[in-house]
Amino acid sequence: MADPVTRLAYQTLQQGKSLVGLAHKEVSTKLMELLAPAGAVPKTVPVPPQTLAALQASHGRLLEVDWRESVEGLYPPSLLFDAPWLEWASRYPLVWLDMPSTWSRRSERRVDDLPAEINRDDYPAYYLQNFHHQTDGYLSDYSASLYDLQVEILFNGTADPMRRRVLKPLVQGLRAFADRPASQLRILDVATGTGRTLRQIRGALPEPRLIGLDLSPAYLRQANRWLSQLPNELPQLVQGNAEAMPFARGSMQAVSCVFLFHELPGEARQNVLNECFRVLESGGVLVLADSVQMADSPQFQAAMDNFRRVFHEPYYRDYIGDDIDARLQAAGFGAIRAESHLMTRVWTATKP
């Protein structure tokens, strides 16, 4: 039975996060117009009133689904409030202090401004750039320390509710292995970053073994810090390229992948799907979440276009026109289905 006090607390929290995100964007935009160098202010397209109304309605539906699935027992209501609030508050001033360098990088079109100490031969060429015009790209502890907070601001507090949409298909997909002890099942999170998705998965699935794969050692260090805070958690985090995963064929029963594909060129997307298929056991499930696309959400075209204009996302335009269903089929997956939640599209597919 739903607790009205908990529901009110959840609604209040989400409204507060939304207001903070909107206020941050408004103030930072005004400051950028006043103080930023020429060329730093991105040229955006007007967002029609009907698009804003559609976004607001979709936002409400997302939160309703998020609350309902917690009430149904898919994950505990405590997961709705699980975030490092004090740490984010302490780091928020750093977001502001970082803005001048971001504006300068955008103005000068410096997209490969990365730490000098990294070995560029360790990474694919498409990875060696400042996605989002972000300081150090994904290759420093400083970048990793700010990432989750920046994403929360970007999505007006809906990043975790959108991530949690992978939980239901993961839980349902693992029922194919109901004859085994849950502790023997393995879930791989591809491009795990700071571990936020793994932390959400652990809330819904307390027993399976969780593995996180990412290219960035700095982000894996942050993931280790976040995940090690959970009781009895021993994170298994592996540095590696999702195009050539260091795991045996058929060694996983489920694979998740969240917010990666829009930052990959098309060939790499297919390579990652091929690898997901390889490491899954027959009957295993892949749950892929990323930005909505033109085919499924044409009403959000202006928002998608502005995202590409404001942030350095070199593969986003190609991604929003890509046929992910066809790529899943080409990799060998079947039972493909998809649904959208606000600005996130979630695909579920199984390995025959």
Chemist: Mind checking what makes side chain to side chain donor-acceptor pair (under 3.5 Å) contact with Gln329, not counting sequence neighbours?
Modeler: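 None.
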Chemist: Identify each donor-acceptor pair in which a side-chain atom of residues 179-186 lies under 3.5 Å from a protein atom, sequence neighbours left out, and give them as a table.
Modeler:
| unit_1 | atom_1 | unit_2 | atom_2 | d |
| --- | --- | --- | --- | --- |
| Arg180 | NH1 | Glu281 | OE1 | 3.0 |
| Arg180 | NH2 | Glu281 | OE1 | 3.4 |
| Arg180 | NH2 | Glu281 | OE2 | 2.4 |
| Arg186 | NE | Ser251 | O | 3.0 |

Chemist: Does the side chain of Met162 reach to within under 4.5 Å of the side chain of Leu342, using non-hydrogen atoms?
Modeler: yes
Chemist: Could you pull out every donor-acceptor pair under 3.5 Å between side chains of residues 147-155 and any protein atom, sequence neighbours left out?
Modeler:
| unit_1 | atom_1 | unit_2 | atom_2 | d |
| --- | --- | --- | --- | --- |
| Asp148 | OD1 | Thr194 | OG1 | 2.8 |
| Asp148 | OD2 | Thr194 | OG1 | 2.8 |
| Asp148 | OD2 | Trp226 | NE1 | 3.0 |

Chemist: Could you check whether the rings of Tyr127 and Tyr138 sit parallel, tilted or perpendicular, using 30° and 60° as the cut-offs?
Modeler: tilted
Chemist: Over all heavy atoms of both residues, which pair between Gln129 and Pro314 is shortest? Give the atoms and the distance, please.
Modeler: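 Heavy-atom minimum between the residues: OE1-CG, 3.3 Å.
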Chemist: With a 4.0 Å cut-off on N to O distance, would you call Arg269 and Asp318 a salt bridge?
Modeler: yes
Chemist: Could you walk me through whether Trp103 and His133 pass the ring-ring contact (aromatic ring centres under 6.0 Å, His included) test, one step at a time?
Modeler: CA-CA 8 Å; Trp103 296 340; His133 298 289; over 10 Å; no
Chemist: Ignoring hydrogens and angles, write down the donor-acceptor pairs under 3.5 Å from the side chains of residues 115-126, residues two or more places apart or on other chains.
Modeler:
| unit_1 | atom_1 | unit_2 | atom_2 | d |
| --- | --- | --- | --- | --- |
| Asn119 | OD1 | Asp121 | N | 3.1 |
| Arg120 | NH2 | Asp112 | O | 3.4 |
| Tyr126 | OH | Glu243 | OE2 | 2.6 |

Chemist: For Ala53, what residues pass the side chain to side chain contact (heavy atoms under 4.5 Å, CB included) criterion, not counting sequence neighbours?
Modeler: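 Here no residue qualifies.
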Chemist: Does the distance from a Lys or Arg side-chain N to an Asp or Glu carboxylate O, for Asp323 and Arg327, drop under 4.0 Å?
Modeler: no
Chemist: Taking only residues two or more places apart in sequence, or in another chain, which ones meet Phe277 in a ring-ring contact (aromatic ring centres under 6.0 Å, His included)?
Modeler: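 Applying ring-ring contact (aromatic ring centres under 6.0 Å, His included) to Phe277 gives Phe333.
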Chemist: Assign the ring pair Tyr315 / Phe131 to parallel, tilted or perpendicular, where the plane angle (0 to 90°) is split at 30° and 60°.
Modeler: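 Tilted: the ring planes of Tyr315 and Phe131 meet at 30° to 60°.
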Chemist: Say you draw a straight line from CG of Asn232 to CZ of Arg202; how long is it, rounded to the nearest 0.5 Å?
Modeler: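 Between atom CG of Asn232 and atom CZ of Arg202 there are 10.0 Å.
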Chemist: Assess whether a salt bridge exists between Glu69 and Arg164, defined as any Lys/Arg side-chain N lying under 4.0 Å from an Asp/Glu carboxylate O.
Modeler: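 Salt bridge flag = no for Arg164 with Glu69.
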